Structure formats: C-alpha cells, structure tokens
Amino acid sequence: MEEDIGSRIKENLCRVLSDLADAERESGRDAGSVKLCAVSKFHSAGEVMAAIDAGQLLFGENRVQEACAKFADISARLAAAGSAQKPELHIIGSLQLNKVKKAVEAASCIQSVDREELLSEIEKRCAASGKTIKVFFEIHTGEESKAGYTDEKDLYASLENCAKGLYPHVIPSGLMTMAPFTDDEPLVRKSFSSLRLLRERLAKDFPSLPLVELSMGMSGDYRIAVQEGSTMVRIGTAIFGPRVM
Ligand SMILES: *Cc1c(COP(=O)(O)O)cnc(C)c1O
C-alpha cells in the first residue's frame, strides 16, 4: 500500500513539475523561476517522505501542531536513513498568536502574515531565540474566506514599521494570496494580477524591503498564476491526492 501511494506521489510530482515548466515557457518566464511549495496538510509523514525521495524539499502546512509533529517525525526518519536532505517548511494557514513560538521554531517562512499583531509576535519570538525568519504578507484579493489584509492602510502601516526597522528578525520577502474558488477564469486572473500590481507598487513605495516573492496558484489555478507572474505555487491535491479530513 505505502509503495503504491509513494509511486503515485512521485508521478504526480513529476507531472506538476513538467506542467510548471510548460507554463513558464508558454508565458515567457525563465525556466525554474517558479518555486514549488508542496502542501502536505492532512497527509502523513510517509507521504511527505515519498516526495522528499523524489527531490521535493519545500513544503507548506496550515496547522502548526500538525506540521511540528509531522516534520519532527520526518527529520527522525531522514536521520535514521543517514540522509542529508533538509526539508524546509512554510506555514501557509492562518496563525494564532499562541502558536507563533512553535511556528517560528519549525518554519523558515510564515506566508500568512495578515495583521500587525502577528508580525510583532513573530518578531518577539524570533528575537528571543535569535532566529531570523522570512514572512509573506497575505493579501485578500477576492477569496471568500476572511484571510489576509483587507485594508491597504493596515498593510502600509505594517510595511512602514518593517521599513523603520521595528522588526529586525523578520525579513519581509513577498506577498501571498488565494484566488476565489471559482471556474470564472477572468476573476481568478484578476485576483493574481492585482497581487502582482500591488507588489510593483510596494517595491516603489518600500525600496528597502526585499518584497520579491509572489506566492499564488494552487492545484486548480496554478497555470493562470504562472501567467500572471507567480514566483511560488502552493500545490497540495495535485501532488498528494484528495485530503481526508
Ligand atoms: C490547502 C492550501 C493550498 C493547497 O491547495 P490545493 O488546492 O490542494 O493545491 C494552498 N494554499 C493554501 C493557503 C492552502 O490552505
């Protein structure tokens, strides 16, 4: 059973990577300009190991508790196998303040920063452990869920604080969004293009901040996201199969 699942994950990963390469080429993007974050939420350590085996090292998880347990298990398995592979974890789901300490211990990036309060808690926890962490600002661009900055004033206030040096342990590295879940392609495209335009504007308004990444595109819409300038797609279902919750 494990083996079947493992080979299916490897096949899926190959297909997604080759689709991504096609999408890059078709939209005149450089080969390899779009990073793949494999979203492993609700999937087991064994399934993640299959992806690591196939060369995937960047993973995204929504829930801190689940992610910490799973990736501790994975590290132990890799160590036991004498492997030098080092998987990297991004937190992509909405984050409560009381989970920040664990999140910054386990992850190299928090993609779902959606409020000032969270940013300052991340700074506090990172300062305490002497760690620096990347963050992406999650922007509400039309998704039904409430996640992400909705008020541009709030976003600007957070970025101004970053630019002023209030958060020296935080590296503001990009923006993230989720497009609306719909077959309406123009609507999805508009969500992605609005994130791209926002980043272009922020790059001018905050030239000192390294806001380079555009994390956008999931299993159902990543080709559109690549056409619209995504630098990182977050893909779960197309790699690991449907989630059983
Ligand atoms: C679950 C999730 C994904 C992956 O979604 P799929 O449709 O399974 O590819 C991407 N981004 C976020 C924020 C998610 O919560």
Side-chain angles (χ1 to χ4, degrees), residues 5 8-20 23 34-44 47-48 50-51 54 56-68 70-71 87-96 99-100 103 106-115 118 134-150 173-185 187-189 191-192 194-195 213-245:
I5 293 177
R8 204 178 56 226
I9 290 170
K10 287 174 192 174
E11 276 169 34
N12 289 345
L13 194 54
C14 272
R15 200 188 49 247
V16 167
L17 287 170
S18 100
D19 276 2
L20 273 179
V34 184
K35 294 178 267 298
L36 172 60
C37 177
V39 178
S40 47
K41 65 186 181 203
F42 295 102
H43 291 281
S44 67
E47 290 170 281
V48 175
Q56 178 65 28
L57 288 174
L58 175 58
F59 295 91
E61 288 273 346
N62 279 48
R63 303 195 202 175
V64 176
Q65 221 101 327
E66 177 190 343
C68 287
K70 193 183 302 176
F71 280 80
E88 188 180 338
L89 176 67
H90 286 191
I91 296 295
I92 62 171
S94 68
L95 185 55
Q96 293 168 270
K99 302 277 165 57
V100 169
S108 62
C109 178
I110 312 284
Q111 293 202 10
S112 42
V113 170
D114 58 359
R115 57 199 193 280
L118 182 55
K134 287 185 282 185
V135 302
F136 298 170
F137 295 89
E138 182 171 1
I139 310 295
H140 189 277
T141 58
E143 158 64 12
E144 296 83 351
S145 89
K146 292 283 174 286
Y149 280 89
T150 45
S173 305
L175 306 178
M176 184 269 255
T177 201
M178 281 170 93
F181 294 109
T182 169
D183 291 338
D184 186 343
E185 187 180 314
L187 208 62
V188 171
R189 191 175 289 285
S191 159
F192 293 148
S194 73
L195 196 74
E213 303 288 355
L214 280 179
S215 174
M216 56 189 201
M218 305 175 23
S219 293
D221 56 21
Y222 64 89
R223 291 171 197 82
I224 305 172
V226 171
Q227 290 162 6
E228 293 301 328
S230 172
T231 65
M232 185 182 293
V233 291
R234 309 175 310 272
I235 298 181
T237 311
I239 296 170
F240 294 106
R243 292 180 279 275
V244 184
M245 307 193 191

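Since the model is a prediction, treat every value here as computed from it, not as a measurement. Hydrogens, waters and symmetry mates are skipped; everything else that's a heavy atom, side chains included, is used. When a ligand or atom number is given, it counts from 1 through the structure's own listing order.
Listed by chain and number, V39, K41, N62, I92, M178, M218, S219, R234, I235, G236, T237, R243 each place a non-hydrogen atom less than 4.0 angstrom from ligand 1.
Shown here is D183, whose CG atom has no more than 12 heavy atoms of other residues, nucleotides or ligands within 6.0 Å.
Not one N or O on the side chain of Q111 forms a donor-acceptor pair closer than 3.5 Å with the backbone of V113. Between the side chain of Q56 and the backbone N or O of L36 there is at least one donor-acceptor pair closer than 3.5 Å.
In the model, E138 has no side-chain atom that pairs as donor or acceptor with a side-chain atom of S112 under 3.5 Å. Residues T177 and T141 bring a donor and an acceptor atom of their side chains to less than 3.5 Å of each other.
Ring geometry, F136 versus H90: the interplanar angle exceeds 60°, so the pair is classed perpendicular (tilted spans 30 to 60°).
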